[in-house]
Amino acid sequence: MTALDTTDWRFEPNSDLFENRTILVTGAGDGIGATLARTIAQLGGNVVLLGRTRQKLETVFDWIEANTETQAVIVPCDLAELNLDSVNALSDAIADTYGHLDGLVHNASILGPRLPIAHYPHDAWLKVMQVNVNAPFMLTQGLFHLLDKAPEASVVYVSSSVGREGRAYWGAYSASKFALEGLSQILADETEQAGKIHVYSVNPGATRTAMRASAYPNEDPQTVPEPTAHMDLFTYLLGGLKHGEPLPETGSQLDARTWRKA
Ligand SMILES: NC(=O)c1ccc[n+]([C@@H]2O[C@H](COP(=O)([O-])OP(=O)(O)OC[C@H]3O[C@@H](n4cnc5c(N)ncnc54)[C@H](OP(=O)(O)O)[C@@H]3O)[C@@H](O)[C@H]2O)c1
């Protein structure tokens, strides 16, 4: 198995942190999601790799097969087309293969056009909302019973700084991240009393990915951190109570650059 380099991590997980745990990551074929999927597998977890492009998912799957002993599965799925039938089929497949779900990371999203609201195209607005908000809602709802079956589970919504403070020209992307923050807080409030499901939103901040390059084409990518820089926070949150460290309060909004252990 490939050893994980945790030299700069603020949280040091045991190498079996995710053993016997199954975590679904959306947008697992590229960027932060692909790095997270590999990291979870390196720490012993089974990953459900959901994403749009089959070939990218296969590359991550092959890496996991070659470097870990965990059992990953690929779910090619365009979240723009997600509906009740596809969510139910996914839920049945996870139930058959793994029985329950220990973690759900809503990471996939699209940027949409960078335009003022006065000129924002309606079709683009609806598509961004579908991928970035409606799909996470449908997945949360349709997979909730599998999370509830786990001894404990974590749900992480990947947000953005423009989901916490609106900024000109970020249009539907910004509004969708505000909605995602709301979804996260509602779910946290609804599950807090039972105490089994921990819910968080994470703002990764500037990260060296295709999305960042598309939003900031003139930026030198070497000046922003790679997705690996955020894996300590994601594994800390997804590890739940198993790692023995206190967790942030459910419903917390975290920032990958500045977080501290609870
Ligand atoms: N990078 C940053 O600086 C930054 C900053 C703040 C927040 N974030 C957030 O971090 C998360 C990950 O972003 P990233 O930078 O890693 O982006 P990325 O490199 O563009 O990766 C996004 C992933 O989401 C998938 N995806 C997009 N649309 C999809 C759809 N309709 N159905 C299924 N999968 C879809 C993509 O699949 P394909 O590759 O197949 O298209 C890709 O694997 C996003 O929620 C983003 O908003 C990123």
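Counting convention: from 1, in listed order, for ligands and their atoms alike.
At under 3.5 Å, a nitrogen or oxygen of Lys56, whether backbone or side chain, sits near a nitrogen or oxygen of ligand 1. Among the atoms of Ile32, some N or O lies under 3.5 angstrom from an N or O of ligand 1. Between Asn203 and ligand 1, not a single N/O pair is under 3.5 Å apart.
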Item to check | Verdict with reasoning, Thr207 to His230, per side chain to side chain donor-acceptor pair (under 3.5 Å) | outcome: CA-CA 9 Å; Thr207 311; His230 312 319; 2.8 Å; yes

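Close approach of ligand 1 to Cys77 is summarised as follows: ligand atoms under 4.0 Å from at least one heavy atom of the residue are 32 (N), 33 (C). Listed by number with element, the atoms of ligand 1 under 4.0 angstrom from any heavy atom of Ala108 are 24 (O), 25 (C), 26 (N), 34 (N), 35 (C). Residue contact check: Ala80 has heavy atoms under 4.0 Å from atoms 31 (N) of ligand 1. Close contacts between ligand 1 and Thr53 involve ligand atoms 38 (P), 40 (O) [criterion: under 4.0 Å to a heavy atom]. Remark: ligand 1 atoms within the under-4.0 Å shell around heavy atoms of Val158 are 9 (C), 10 (O), 11 (C), 45 (O). Against a heavy-atom cut-off of under 4.0 Å, Gly27 is close to the following atoms of ligand 1: 23 (C), 24 (O), 25 (C), 43 (O). Each of the following atoms of ligand 1 lies closer than 4.0 Å to a heavy atom of Val131: 31 (N).
Thr209 OG1, 3.6 Å is the protein heavy atom nearest to atom 14 (P) of ligand 1. Of all protein heavy atoms, the one closest to atom 47 (O) of ligand 1 is Tyr173 OH, 2.5 Å. For atom 8 (N) of ligand 1, the closest heavy atom belonging to the protein is Pro204 CG, 3.5 Å. Protein heavy atom in closest approach to atom 42 (C) of ligand 1: Asp30 CB, 3.9 Å. In this structure, the protein non-hydrogen atom closest to atom 34 (N) of ligand 1 is Arg52 N, 3.4 Å. Distance from atom 17 (O) of ligand 1 to its nearest protein heavy atom, with residue and atom name: Met211 CB, 3.4 Å. Nearest non-hydrogen protein atom to atom 7 (C) of ligand 1 is Ser159 O, 3.1 Å. Closest to atom 45 (O) of ligand 1 among all protein heavy atoms lies Asn107 O, 2.7 Å.
Side-chain contact check for Glu249 versus Val199: every heavy-atom pair is 4.5 Å or farther apart. Between Asp96 and Ile94 there is no side-chain heavy-atom pair separated by less than 4.5 Å. Two residues are said to be in side-chain contact when any heavy atoms from C-beta on lie closer than 4.5 Å; Cys77 and Leu82 meet this criterion. Between Glu152 and Lys242, some side-chain heavy-atom pair lies under the 4.5 Å cut-off. Residues Thr70 and Ile40 form no side-chain contact, since every pair of their non-hydrogen atoms from C-beta on lies 4.5 Å or further apart. Looking at heavy atoms from C-beta onward, Tyr200 lies in side-chain contact with Pro248 at the 4.5 angstrom threshold.
With atom 32 (N) of ligand 1 as the reference point, the heavy atom nearest to it among Leu79, Val105, Ile110, Val25 is part of Leu79. When the heavy-atom distances from atom 4 (C) of ligand 1 to Gly205, Ala206, Ser160, Ala210 are ranked, the shortest goes to Gly205. Checking Gly31, Gly29, Ser109 against atom 22 (C) of ligand 1, the nearest heavy atom belongs to Ser109.
With hydrogens and angles left out, the side-chain atoms of Gln42 and Thr68 include no donor and acceptor closer than 3.5 Å.
The closest approach between Glu81 and ligand 1 stays at or above 4.0 Å for every heavy atom of the residue.
Trp259 and Tyr236 have their aromatic ring centers within a separation under 6.0 angstrom.
Exactly one of Leu50, Thr26, Leu238 qualifies for a side chain to side chain contact (heavy atoms under 4.5 Å, CB included) with Val105. That residue is Leu238.
Expressed to the nearest 0.5 Å, how far CG of Leu139 lies from NE2 of His106 amounts to 6.0 Å.
Look at Lys56 and Asp30 and you find a salt bridge, because one of the NZ, NE, NH1 or NH2 atoms lies within 4.0 Å of a carboxylate O, short of that distance. Taking 4.0 Å as the cut-off between side-chain N and carboxylate O, Glu181 and Lys177 do not count as a salt-bridged pair.
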